[in-house]
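I have placed the structure first, in the form of structure tokens, so that the comments after it can refer back to it.
Only heavy atoms go into these numbers, but all of them, side chains included; no hydrogens, no water, no symmetry mates.
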Amino acid sequence: MKAGIVGLPNVGKSTLFNCLSNAKAQSANFPFCTIEPNIGVVNVPDMRLQKLESLINPERVLPATVDIVDIAGLVKGASKGEGLGNQFLGNIRETDAILHVLRCFEDDNIVHVDGSVDPIRDKETIDMELQLKDLETVDKKLEKVKRASRTGNKEAQKEEATLLKVKAGLEAGTSVRAIELTDSEREEFIKNIQLITDKPVMYVCNVDEKAAVDGNAFVEQVKAAVKDENAEVIVLAVGTEADITELDDYEERQMFLQDIGLEEPGSAKLIRGAYKLLNLQTYFTAGPKEVRAWTIPVGSSAPQAAGVIHTDFEKGFIRAEVTAYEDFVSLGSEAKVKEAGKMKVEGKEYIVKDGDVMHFRFNV
């Protein structure tokens, strides 16, 4: 599962990517510095993992991860191939969620591709290019569906009606995620054509250090503009975050954060937000050799969760021994959990909850 960072050139995308992944993507003060998408595997910050580590003292600890993709800056005309647009739009299509970076700071030393700072105009520029690309996709699909619809095929007629609704929305400048559709319309007719503006989105307002805690007027404009989109807005001083990641010493980083009024790096909040945006959750395996966080989609069954460790675990699944994270931590060990009768034995139908501590029995 991948989240793609998008935005206009020079809004701080590659700097943000570097903060998240500590992989030094090129960042330069001119458009199209990033051409091939950079992919970073990013650890998901989770205090529960540290707590389990302190109780078990394992040989190693492995956090959950999420893939973040740094996609080059889009410009006006990208949907028509401007500025390597087709390649960039293809890269976005391959991601599962969008982190849309908006420049919400003034700085005369960093050129803006459109000459002035206006996050709403920037958002609309990107939205329009993505919507035009989606419109192209919908029109192609409609051509095929209309032929089947004319023969009296009831399913094709339903699909045609849904696609026409989406087409009208896109032509009116509405992203697919904000178009009113039933769950079945989305599931049956929209999901499989992978429309870019149907992907969940988080808006990352890139501010200066002074606005890192409370935001600024630009941020308020963004919040007002996206209120109907069911999208999260996060405030991040990307330049400051970059300075923090350069510090090797944990204590120094904490002092830096305290000086600007933050409890933790904003990037940690963003990674957790991206994880949630991708509809992912975590379960743990915990023993003396290893404490590990495993990533699964929300709603996964016990055998599906086991399959993330190894496909054989899913095929030969017998049962799962499950302890709620809170019970494990309050009782302090697996032995005490068993004594207290808090370890449950679950079968194939069990739907895993976020934070479950699990042990699988299987037979291959």
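Side chain of Asp134 to main chain of Thr197: a donor-acceptor pair is present (N/O by atom type, distance under 3.5 Å, no hydrogens or angles). The main-chain N or O of Ala178 is never found under 3.5 Å from a side-chain atom of Ser175 such that the two would form a donor-acceptor pair. Proximity of a side-chain donor or acceptor of Gln281 to a complementary backbone N or O of Val352 within less than 3.5 Å is detected. The backbone N or O of Val322 lies less than 3.5 Å from no partner atom in the side chain of Asp356, so there is not a single donor-acceptor pair. For the pair Glu106 (side chain) and Val117 (backbone), a donor-acceptor distance under 3.5 Å is absent. Side chain of Lys338 to main chain of Ser333: no donor-acceptor pair is present (N/O by atom type, distance under 3.5 Å, no hydrogens or angles). Within the 3.5 Å criterion, the main-chain N or O of Arg103 finds no donor-acceptor partner in the side chain of Asn206.
Shown here for Ala302 and Phe360, the closest heavy-atom pair between the two residues is O-CE2, 3.6 Å. Residue Ala97 comes nearest to Leu277 through the heavy atom pair CB-CD2, 3.8 Å, listed as atom of the first residue, atom of the second, then distance. Between Thr15 and Ala242, the closest heavy-atom pair is CG2-CB, 3.8 Å. Here the shortest heavy-atom pairing between Ser116 and Arg121 reads O-NH2, 2.5 Å. Looking at every heavy atom in both residues, Asn153 comes nearest to Ala148 through CB-O, 3.4 Å. Smallest separation of non-hydrogen atoms from Val101 and Ile5: CG2-CG2, 3.5 Å.
Note on Val176 and Met128: separate hydrophobic clusters, where clusters join Ile, Leu, Val, Met, Phe, Trp and Tyr whose side-chain heavy atoms are under 4.5 Å apart, directly or indirectly. Cluster annotation: Leu195 and Met202 are assigned to distinct hydrophobic clusters (Ile/Leu/Val/Met/Phe/Trp/Tyr, side-chain heavy-atom contacts under 4.5 Å, transitive). Val238 and Ile98 fall within the same hydrophobic cluster, defined by Ile, Leu, Val, Met, Phe, Trp and Tyr side-chain heavy atoms under 4.5 Å apart, directly or through other members. Note on Val222 and Leu270: same hydrophobic cluster, where clusters join Ile, Leu, Val, Met, Phe, Trp and Tyr whose side-chain heavy atoms are under 4.5 Å apart, directly or indirectly. Both Val66 and Met1 are part of a single hydrophobic cluster, where members link through side-chain heavy atoms under 4.5 Å apart.
Contact check on Lys158 versus Glu155 returns a salt bridge, with a Lys/Arg side-chain nitrogen under 4.0 Å from an Asp/Glu carboxylate oxygen. Under the 4.0 Å criterion applied to side-chain N and carboxylate O atoms, Arg48 and Asp354 are assigned as salt-bridge partners. Look at Lys133 and Glu136 and you find a salt bridge, because one of the NZ, NE, NH1 or NH2 atoms lies within 4.0 Å of a carboxylate O, short of that distance.
Scored by the side-chain hydrogen bond (donor to acceptor under 3.5 Å, both in side chains) test, Thr240 finds no partners at all (sequence neighbours excluded). Among residues two or more places apart in sequence or in another chain, the side-chain hydrogen bond (donor to acceptor under 3.5 Å, both in side chains) test is passed with Thr282 by Tyr275. Remark: Thr162 engages Leu181, Glu185, Phe189, Ile190 in a side chain to side chain contact (heavy atoms under 4.5 Å, CB included) (not counting sequence neighbours). In this structure, Ser330 has no side chain to side chain contact (heavy atoms under 4.5 Å, CB included) partners at least two apart in sequence or on a different chain. Listed by chain and number, the residues in a ring pair (Phe, Tyr, Trp, His ring centres under 6.0 Å) with Phe313 are Phe362 (sequence neighbours excluded). In this view, Ser184 and Thr182, Glu188 satisfy the side chain to side chain contact (heavy atoms under 4.5 Å, CB included) rule, not counting sequence neighbours. The side-chain hydrogen bond (donor to acceptor under 3.5 Å, both in side chains) check on Arg272 picks up Glu264, with sequence neighbours excluded. Partners of Ala225 under the side chain to side chain contact (heavy atoms under 4.5 Å, CB included) rule, at least two apart in sequence or in another chain, are Ile120.
In the model, Ser301 has no side-chain atom that pairs as donor or acceptor with a side-chain atom of Glu349 under 3.5 Å.
Distance check, rounded to the nearest 0.5 Å: OH of Tyr283 to CD1 of Ile296 gives 6.5 Å. Taking CZ of Arg292 as the start and CZ of Arg60 as the end, the distance is 6.5 Å to the nearest 0.5 Å. How far CG of Asp198 is from CG of Leu130: 12.5 Å, rounded to the nearest 0.5 Å. Separating the OG atom in Ser300 from the CG atom in Asn279 is a distance of 9.0 Å, to the nearest 0.5 Å. Remark: Leu163 CG to Lys165 NZ distance equals 11.0 Å, nearest 0.5 Å. Here the SG atom belonging to Cys104 is positioned 8.5 Å from the CG atom belonging to Asp122, to the nearest 0.5 angstrom.
Side-chain contact between Pro45 and Ile271 is present, with at least one heavy-atom pair separated by less than 4.5 Å.
Grouping Ile, Leu, Val, Met, Phe, Trp and Tyr by side-chain contacts under 4.5 Å, direct or through others, puts Leu262 with Val213, Ile244, Leu247, Phe256, Leu257, Ile260. Through chains of ILVMFWY side-chain contacts below 4.5 Å, Ile56 is grouped with Leu49, Leu52, Leu55, Val61, Phe284, Val291, Tyr325, Phe328, Val329, Leu331, Val337, Met343, Val357.
Residue pairs meeting the salt bridge (Lys or Arg N to Asp or Glu O under 4.0 Å) criterion with at least one member in residues 168-180, sequence neighbours excluded, are Lys167-Glu171, Arg177-Glu229. Among residues at least two apart or in separate chains, ring pair (Phe, Tyr, Trp, His ring centres under 6.0 Å) pairs with a member in residues 201-242 are His100-Tyr203.
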Q. Should Leu142 and Leu164 be marked as a side chain to side chain contact (heavy atoms under 4.5 Å, CB included) after you check the CA-CA gap, both sets of side-chain angles, and the distance that decides it?
A. CA-CA 8 Å; Leu142 262 170; Leu164 285 170; 4.0 Å; yes
Q | Stepwise side chain to side chain contact (heavy atoms under 4.5 Å, CB included) check, Thr137 with Arg93 | A | CA-CA 11 Å; Thr137 305; Arg93 195 184 291 285; 3.5 Å; yes
Q) Taking it one step at a time, do Glu314 and Gln304 satisfy side chain to side chain contact (heavy atoms under 4.5 Å, CB included)? A) CA-CA 6 Å; Glu314 184 171 1; Gln304 287 168 332; 3.9 Å; yes
Q. Can you check side chain to side chain contact (heavy atoms under 4.5 Å, CB included) on Thr95 and Ile71, steps first, answer last?
A. CA-CA 10 Å; Thr95 64; Ile71 294 162; 4.2 Å; yes
